[in-house]
Amino acid sequence: MSENESPSPSAVQASREVRAVISRLRRRILKASEVEDLTLGQASVLARLSDQGGVTASELAATEGVRHQSMTATVTALASMGLVERHPDPDDGRRLLITVTAEGVRRVAEGRQARTEWLTGRLQDRCTEEERRTVIAAMAVLERLNHD
């Protein structure tokens, strides 16, 4: 969109609706795998660690958009539950790298499976075949927004 060009009413409406629906759907999907002993922040950090591997608390804090002190508390809680471990960085002994334990990996996999099953069940039970194809097509359109 150029500087002088105003967005079309349909672009404004689509923007509002996409953000609202994705926000609500994200909360519903996360709730489907809610584990009573993990906060949403802890679950997010655990999932990120399972994808990234050994990272520092500072790196996690930056990625998650929280203060270092908050991330340290989150990691400490996860470590006390046996879901993550801290190890000295082989390249810099002053730093600690945080990794997921086997139990942490299992918990992440269970959560992902529960979320997949919940959304699959909703799509199966509440949508027609044609509507599911429309969702697939809409996801391709939305994915294009991720690319510059």
Side-chain angles (χ1 to χ4, degrees), residues 1-79 81 83-84 86 89 91-92 95-148:
M1 190 168 72
S2 69
E3 289 181 33
N4 298 330
E5 187 179 336
S6 295
S8 70
S10 65
V12 173
Q13 181 181 356
S15 171
R16 285 185 187 133
E17 290 184 18
V18 165
R19 286 180 299 133
V21 168
I22 287 176
S23 179
R24 286 191 308 269
L25 184 59
R26 181 178 182 274
R27 283 192 300 272
R28 291 292 306 270
I29 290 170
L30 289 172
K31 187 174 177 169
S33 67
E34 202 171 82
V35 180
E36 293 172 6
D37 63 338
L38 288 180
T39 67
L40 186 57
Q42 291 168 342
S44 177
V45 168
L46 191 61
R48 186 170 305 281
L49 282 169
S50 75
D51 294 336
Q52 287 183 313
V55 296
T56 66
S58 295
E59 292 166 333
L60 277 173
T63 306
E64 291 284 315
V66 299
R67 293 185 334 230
H68 182 272
Q69 295 85 349
S70 298
M71 185 53 64
T72 299
T74 298
V75 169
T76 298
L78 291 170
M81 290 183 256
L83 303 176
V84 301
R86 298 177 187 127
D89 184 337
D91 298 327
D92 183 349
R95 297 175 2 146
L96 291 175
L97 297 179
I98 304 157
T99 59
V100 179
T101 64
E103 177 63 13
V105 169
R106 184 188 69 73
R107 295 277 292 270
V108 169
E110 283 179 358
R112 287 180 177 155
Q113 181 67 29
R115 291 187 299 275
T116 297
E117 288 174 4
W118 180 86
L119 187 53
T120 299
R122 287 293 178 123
L123 289 165
Q124 181 68 38
D125 296 343
R126 296 185 176 201
C127 298
T128 66
E129 183 64 30
E130 182 178 343
E131 288 171 327
R132 288 190 293 270
R133 291 183 191 282
T134 299
V135 168
I136 293 166
M139 293 304 99
V141 171
L142 292 175
E143 183 59 32
R144 278 199 332 247
L145 302 178
N146 282 321
H147 303 289
D148 293 331

> Show the nearest heavy-atom pair for residues Val108 and Ser50, with the distance to one decimal.
CG1-OG, 3.5 Å
> Using a 4.5 Å cut-off on heavy atoms from C-beta on, say whether the side chain of Leu83 contacts that of Leu38.
yes
> Output the distance between atom CD1 (Ile98) and atom CG (Leu78), rounded to the nearest 0.5 Å.
9.0 Å
> For residues Trp118 and Lys31, determine if any side-chain heavy atom of one lies less than 4.5 Å from a side-chain heavy atom of the other.
no
> Measure the CG-CZ distance between Leu142 and Arg144 for me, rounded to the nearest 0.5 Å.
9.0 Å
> Could you grab the distance from atom CD of Gln52 to atom CD of Glu59, nearest 0.5 Å is fine?
8.0 Å
> For the residue pair Val100 and Val105, what are the closest heavy atoms and their distance?
CG1-N, 3.2 Å
> Given 3.5 Å as the limit, does a donor-acceptor pair link the side chain of Arg132 with the main chain of Cys127, or not?
yes
> Taking Ser15 for the side chain and Ala11 for the main chain, is one N or O donor matched with an acceptor at less than 3.5 Å?
no
> Please find the pair of heavy atoms, one from His68 and one from Ala57, that lie closest to each other, and give the distance.
NE2-CB, 3.9 Å
> Output the distance between atom CE (Met81) and atom OG1 (Thr76), rounded to the nearest 0.5 Å.
10.5 Å
> Using a strict 4.0 Å threshold on nitrogen-to-oxygen distance, state whether Arg133 and Glu130 make a salt bridge.
no
> Please give me the minimum heavy-atom distance between Arg122 and Arg28, naming the atom from each residue.
NH2-NH2, 2.7 Å
> With rounding to the nearest 0.5 angstrom, report the CD to CZ distance, Glu131 to Arg126.
12.0 Å
> Charged N to carboxylate O under 4.0 angstrom, Arg107 versus Glu110?
no
> For Ile29 and Arg115, which heavy atoms make the closest approach, and how far apart are they?
O-CG, 3.2 Å
> How would you list, by chain and number, every residue that makes a salt bridge (Lys or Arg N to Asp or Glu O under 4.0 Å) with Arg27, sequence neighbours excluded?
none
> Search all heavy atoms of Val45 against all heavy atoms of Thr74 and return the closest pair with its distance.
CG2-CG2, 4.0 Å
> Is a side-chain donor-acceptor pair under 3.5 Å present for Thr56 with Ser58?
no
